[in-house]
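Below is one structure, written out as structure tokens; the observations come after it.
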Amino acid sequence: MTHPLLFGLNPPQQQAVESNDKNILVLAGAGSGKTRVLVHRIAWLIQEKQVSPYAILAVTFTNKAAKEMSQRIERILNMPVRGMWVGTFHGLAHRLLRTHWHEIGLPENFQVIDSDDQKRLLKRIMKEMGIDEKEYPVNDVQSFINHSKDNGQRSNNIETLYAVNQKHHQAIYTEYEQICRRSGLVDFAELLLRAHEIWLNHPHLLAHYQQRFRYLLVDEFQDTNTIQYAWINVLSGVNQPEKETADVMVVGDDDQSIYGWRGAKIEHIQQFARDFKPATTIRLEQNYRSTGTILSAANAVIGHNNERLGKTLWTDSGKGESILVYQAYSGYDEADYIVNKITTLIEEGSKREDIAVLYRSNAQSRVIEEKLVQSAIPYRVYGGLRFFDRAEIRDALAYLRLIYARDDDAAFERVINLPARGIGQKTIEKLRLFAKETQQSLWFAAINTLQEKMFSPKVAQSIVDFLHMIDHFSHQLKEIKLHELLEEVYQTTGLKAYYEKEKNEKARSRIENLDELFNAIKQFNDEFPELLNEDLFESEKLESEKLESEKVEDDGLKPAEQIHVLADFLGHAVLESSEKQAEEWDDCVQLMTLHSAKGLEFQYVFLAGMEQGLFPHRMSAELDDKLEEERRLCYVGITRAMKQLYLSFADTRNIHGRMEYCRPSQFIKEIPEQFLTQVRTTYSPAYNKSNSSFSQSNYSQASRQSYSDYGNRSSSIPAKRANKKILEQDEEYYCGKVVQHKKFGEGVITDTEGSGNKLRVQVNFKQAGSRWLLAKVANLD
DNA sequence: CCAGTTTTTACTGGG
DNA sequence: TAAAAACTGG
């Protein structure tokens, strides 16, 4: 009798789940069931090997994946799993820093900044240093700094190599590092670097966590960068012969490595076998997702890469439909084609959520959104401009940040004159200068300059009012709840009124977003007591602190704790900016970039904008290794499709409002023709139908298309909340449960995926065999 | 010296 | 197209 946790798994999958080997490398092709293996493995450890969840650390690459993994584990085990650490490298690092800020010399109220903040800060620093932005583009400086950090190099510790610009870059890096240190700012790369330094410089902390985490599991291993790899390596203890090392399982696919640009190194896959001895390699090559045609196309494309470990996916499902290729006149025509196909699919009974449009860069979504709106097809854009990245949200958060930490110069600058209150560039410049000279933050510079009588009475009064306003908020925080404070901020600062007086569509959506932030923070506040109880740091906390956190009362938080809620919320906002839309259950067509499609699958996939320069992107076309990464991205895109794949490209495309001519992507030519079917203009009422020759002289029609109605795009944020309690409605379906189905009779649940309305269960029926069913429709008893 | 207006520049990707 | 930079009237 097969163990329920192994049921329905093929031999290598089973091996991966139940193996007792110390170090395991799972090479898992696209659609080969790797997430399932990870989930079952963890469940196996807990259930069969009686491993405490406290001893397990699982690292994923997105917050979404982390969330889904814990949900699936809980559902499989049919119980909440407490104490296990599941998260992204960044999230885990953040958690470590929040716990051990004292030991590593961070201020307690350190702030995580995102790349926009980082860029702004760098611009300012360069200006102060008198470095010309034209000669040394900020983007270059930024990537220099981040790459250095990704490789574990501090400003004083950089190998001197090639680049001419290095001297300047390094000088900026040094200055940047100092300013961050002084104002308690931590960028994304810094999170990882600091977390790594905890291991290196604090042996007792390392020992503590080594003792705790006996099982390390890493997903998307091909996307780890140097620091992340080193972090796992050190934590595992594999290089400390005297130590008992942790069991390490890493899962990856060299063909799906698409984050080289942020320091990921595919070579870590090979390095794992060298560093973690003895290592068992398990290959998952059977694809359960796509048709034979789609898989063949994917294999053909990726076959053009040279640097591969070598792996060929196969499937025993049928050939399936041919891949459709559409040549459009323009981006608008392309969008027309896609949306019409989608309409047809929906009319034929497909669900909208089974359809995805994937593209290389976010800007491409606009045209497609426009057509979708016209056709009244509900859709959702993943990623893109994420909720917490929106200007109005960042403004509101900047106020909160300033309330939380007066030294937060970035926040100060953002809101000191927003909405306009008579404090202009000159004034701010004076403040900056003063702050720099006296080595203090802008906030205190403002206080001190007031005494110096540097400003006109009018300006001075504005500053005083501003300072008082923030202080007043801060004071209020002791008495009112966080969301109430936010409303107070909206009103008192005039932030909301500022948008309200603009009558256009955009301003209205901004107000909606501000309201949405209010809801988000309210809910975060409500859930906080529970978060505290579930606090995964518990074992890391000092006894005294622990006692204090247990004093939380039912009727809400003690006022003094509000500040901690604020701290947590701010950290949450910076790190987890994309969850909002993904939590929605509504049946929507999915729009996203190829990067964010990784790990997902859809019945119908449209790859839009298959053009040279766009995909492969012009920035990546010249260097072989970059081109190979683009090709892997293409491979990722193709392998998202289960049933039918559509490729499209346009002869012209508007870039920055200017029309440019395009040629088809080389990747299309890399797919053998036998798998492709060229589609002629089957539909296009808006265009001249007879124009089916694909010559490049026929654009005028397309470019005449109306550009109107941009304001109409659905950009508002869905109102539903994150952190839905999955167990509420899904607890009745768990692995091993015996169920009755009207048609198929009796069977046992062997696997589940999704949740809510999308919950699907795999049931092994006595008569009918194994089947996947949508729980909502199946009516299982 | 500020606030509102016009011109210029720049879009890969994401935690 | 949209955000940032440069410009200009009060």
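Letters go in sequence order (proteins before strands), and every chain restarts at 1.
- Between the P atom of B:dG14 and the CG atom of A:Leu191 lies a distance of 19 Å, rounded to the nearest Å.
- Sequence order on DNA chain B of the closest nucleotides to A:Glu629 and A:Gly424 puts A:Gly424 first from the 5' end.
- Under 4.0 angstrom from either OP1 or OP2 of C:dA5 there lies at least one side-chain N or O belonging to A:Lys123.
- Looking at heavy-atom distances under 4.0 Å, A:Lys598 makes no contact with the nucleic acid at all.
- Taking atom C1' on both C:dA4 and B:dG13, the two are 22 Å apart, rounded to the nearest angstrom.
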- Task: Decide ring-ring contact (aromatic ring centres under 6.0 Å, His included) for A:Trp231 and A:Tyr229; before the verdict, give the C-alpha distance in whole Å, the side-chain angles of both, and the deciding distance to 0.1 Å.
- Result: CA-CA 5 Å; A:Trp231 192 79; A:Tyr229 183 87; over 10 Å; no
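- Side-chain atoms of A:Ser462 come within 3.5 Å of backbone N or O of A:Arg421 as a donor-acceptor pair.
- Distance from the side chain of A:Ser361 is smallest to B:dG13 among B:dG13, B:dG15, B:dG14.
- Between the CD atom of A:Glu630 and the P atom of B:dG13 there is a distance of 11 Å, rounded to whole Å.
- In this structure, A:His595 has its ring center closer than 6.0 angstrom to the ring center of A:Trp261.
- A cation-pi contact, defined as under 6.0 Å to the ring centre and within 45° of the axis, is absent between A:Arg401 and A:Phe412.
- The separation of B:dC11 from C:dA6, taken at their C1' atoms, amounts to 22 Å, rounded to a whole angstrom.
- The NZ-P distance, from A:Lys458 to B:dA3, rounds to 8 Å in whole Å.
- The side chain of A:Asn417 lies closest to B:dA3 when the candidates are B:dG14, B:dG15, B:dA3.
- Within 4.0 Å of A:Phe89, counting heavy atoms only, lies no atom of the nucleic acid at all.
- Applying the 5.5 angstrom centroid cut-off and the 30 degree plane-angle cut-off, the aromatic ring of A:His595 is not stacked upon the base of B:dG14.
- Residue A:Asn139 is classed as a sugar-phosphate contact, given heavy-atom separations below 4.0 Å to backbone atoms only.
- The environment of CG in A:Asp132 is crowded: more than 12 heavy-atom neighbours from other residues, nucleotides or ligands sit within 6.0 Å.
- As rounded to whole Å, 13 Å separates atom P of B:dG15 from atom OH of A:Tyr382.
- For the pair A:Glu392 CD and C:dA2 P, the computed distance is 14 Å after rounding to whole Å.
- Under the 3.5 Å distance criterion, the side-chain polar atoms of A:Arg653 are left unmatched by any main-chain donor or acceptor of A:Gly331.
- Closest to the side chain of A:Arg120, from the set C:dA4, B:dA3, B:dC11, is C:dA4.
- A stacking contact between A:Tyr259 and B:dG13 is absent: the pair does not combine a ring-centre distance of less than 5.5 Å to the base's six-membered ring with planes differing by less than 30°.
- OP1 or OP2 of B:dC2 has at least one side-chain nitrogen or oxygen of A:Thr427 nearer than 4.0 Å.
- Of the side-chain N and O atoms in A:Thr593, one or more sit less than 4.0 angstrom from OP1 or OP2 of B:dG14.
- Checking B:dG15, B:dC2, B:dA3 against every side-chain atom of A:Ala420, the shortest atom distance belongs to B:dA3.
- Look at A:Asn654 and you won't find any side-chain N or O under 4.0 angstrom from OP1 or OP2 of C:dT1.
- Pairing for B:dT7 goes to C:dA4, judged as Watson-Crick or G-U wobble with the two contacts each under 3.5 Å.
- Rounded to a whole Å, the CG atom of A:Asp625 is 20 Å from the P atom of B:dG13.
- When the nucleotides B:dG14, B:dG15, B:dC11 are ranked by their closest atom to the side chain of A:Phe188, B:dG15 comes out on top.
- In this structure, A:Arg366 places its CZ atom 6 Å from P of C:dA2, rounding to the nearest Å.
- Map A:Gly422 and A:Asp150 each onto its nearest nucleotide of DNA chain B; the residue landing nearer the 5' end is A:Gly422.
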- Task: Start with the C-alpha distance between A:Arg394 and A:Asp117, add both sets of side-chain angles, then the distance that settles salt bridge (charged side-chain N to carboxylate O under 4.0 Å, His left out), and finish with yes or no.
- Result: CA-CA 10 Å; A:Arg394 295 172 65 99; A:Asp117 291 332; 2.9 Å; yes
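- If you check every strand for non-hydrogen atoms under 4.0 Å, A:Arg658 touches nothing.
- Looking at heavy-atom distances under 4.0 Å, A:Lys430 makes contact with sugar-phosphate atoms alone, never a base.
- At a threshold of 4.0 angstrom between heavy atoms, the contacts of A:Ser456 with the nucleic acid are absent.
- In this structure, the CD atom of A:Gln364 is 17 Å from the C1' atom of C:dA2, given to the nearest Å.
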